[in-house]
Participant: 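Quick one: this structure, given as structure tokens, is what I'll be asking you about.
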Amino acid sequence: LSNTARASSKLPQLPYICTSRLEAARAVFDRIRQPNVFSWNILIAAYAQNGRVECARSAFEIMRPRDVVSWNTVIAAYAQHGFGTEAVELFRRMQLEGVEGDKITLVIVLGAVSGLAALCEGKESHASIVCRGLESD
């Protein structure tokens, strides 16, 4: 099987009631011979925008390589759909895997922790911003 066929077979199948735009995005993705990070990120974002957080996560988990946009997209999917704890856990995993977040990452994570009212997490995120010299941006 091609890389795309293997990757597509691992993605969750969309239920029949999915929106036509999401179906179209998936159909386009399935026709790509060798999906790159850009095409994967678009697929993840499409799932996230349609509330399909689990599908976004599944795509994220099998994609290679990943970049900071990939991480931001899946973390934001969780944060925007009320899964702040999972968003913070993904942020921590991102750091453990040696991926350095950017300003967007920090905004997403701060939004996630504010939704959790997690003072400790907020302080850690703020410290990360200050240490990286991003507080004036």
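In this chain, numbering begins with 1 at the start of the sequence shown. Just so it is clear, the model here is predicted, and its values are computed rather than measured.
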Participant: Report yes if some heavy atom in the side chain of Glu89 is under 4.5 Å from a heavy atom in the side chain of Thr85; otherwise report no.
Facilitator: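 They are in side-chain contact.
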
Participant: How many angstroms lie between atom OG1 of Thr105 and atom CD of Glu100, to the nearest 0.5 angstrom?
Facilitator: 9.5 Å

Participant: If I take atom CZ from residue Arg93 and atom CD1 from residue Ile75, how far apart are they, to the nearest 0.5 angstrom?
Facilitator: 9.5 Å

Participant: Group every Ile, Leu, Val, Met, Phe, Trp and Tyr by side-chain heavy-atom contacts under 4.5 Å, then state whether Val107 and Val69 land in the same group.
Facilitator: no

Participant: Can any side-chain N or O of Asn50 pair as donor or acceptor with the backbone N or O of Arg52 at less than 3.5 Å?
Facilitator: no

Participant: When clusters are formed by joining ILVMFWY residues with side-chain heavy atoms under 4.5 Å apart, either directly or through shared neighbours, do Leu90 and Ile62 land in the same one?
Facilitator: yes

Participant: Going by side chain to side chain donor-acceptor pair (under 3.5 Å), name the residues that satisfy it together with Gln49, two or more places apart in sequence or in a different chain.
Facilitator: none

Participant: Could you report the tightest heavy-atom contact between Thr73 and Asn41, atom names first, then the distance?
Facilitator: CG2-O, 4.3 Å

Participant: Do Val99 and Ile44 sit in one hydrophobic cluster, given that two such residues count as connected whenever their side-chain heavy atoms are within less than 4.5 Å of each other, even indirectly?
Facilitator: yes

Participant: If you measure from CD on Gln34 to OG on Ser39, what distance do you get to the nearest 0.5 Å?
Facilitator: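 Here the interatomic distance stands at 10.5 Å.
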
Participant: Do Tyr47 and Arg57 have a side chain donor and acceptor closer than 3.5 Å?
Facilitator: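 There is no such pair (donor and acceptor under 3.5 Å, judged by atom type) between the side chains of Tyr47 and Arg57.
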
Participant: Could you pull out all residues at least two apart from Ala77 that satisfy side-chain contact (heavy atoms from CB on, under 4.5 Å)?
Facilitator: Ala48

Participant: Is the shortest heavy-atom distance from the side chain of Trp40 to the side chain of Arg64 under 4.5 Å?
Facilitator: no

Participant: Linking I/L/V/M/F/W/Y whenever their side-chain heavy atoms sit closer than 4.5 Å, directly or via other members, would Phe29 and Phe38 fall into one cluster?
Facilitator: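 No, because Phe29 and Phe38 fall into different hydrophobic clusters, even though each may have its own neighbours under 4.5 Å.
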
Participant: Answer yes or no: are there more than 12 heavy-atom neighbours, outside Ile104 itself, under 6.0 Å from its atom CD1?
Facilitator: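 Result for CD1/Ile104: open.
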
Participant: To the closest 0.5 Å, what do you measure between CG (Leu43) and CE (Met63)?
Facilitator: 9.5 Å

Participant: Looking only at heavy atoms, which two atoms of Arg66 and Phe60 are closest? And how far apart?
Facilitator: NE-O, 3.0 Å

Participant: Are any non-hydrogen side-chain atoms of Trp71 and Phe91 less than 4.5 angstrom apart?
Facilitator: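 No. Closest side-chain heavy atoms not under 4.5 Å.
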
Participant: Val68 and Gly101: which non-hydrogen atoms are nearest, and at how many Å?
Facilitator: CG2-CA, 3.9 Å

Participant: Go through it in stages, so that I can follow the logic: the residues are Arg26 and Leu22, the test is side chain to side chain contact (heavy atoms under 4.5 Å, CB included), and I'd like the CA-CA distance, side-chain angles, deciding distance and then a yes or no.
Facilitator: CA-CA 6 Å; Arg26 173 66 190 266; Leu22 186 54; 5.7 Å; no

Participant: Hey, what do you get for CD (Glu86) to NE2 (His81), rounding to the nearest 0.5 Å?
Facilitator: 12.5 Å

Participant: Between the side chains of Asp102 and Asn72, does any donor sit under 3.5 Å from an acceptor?
Facilitator: yes

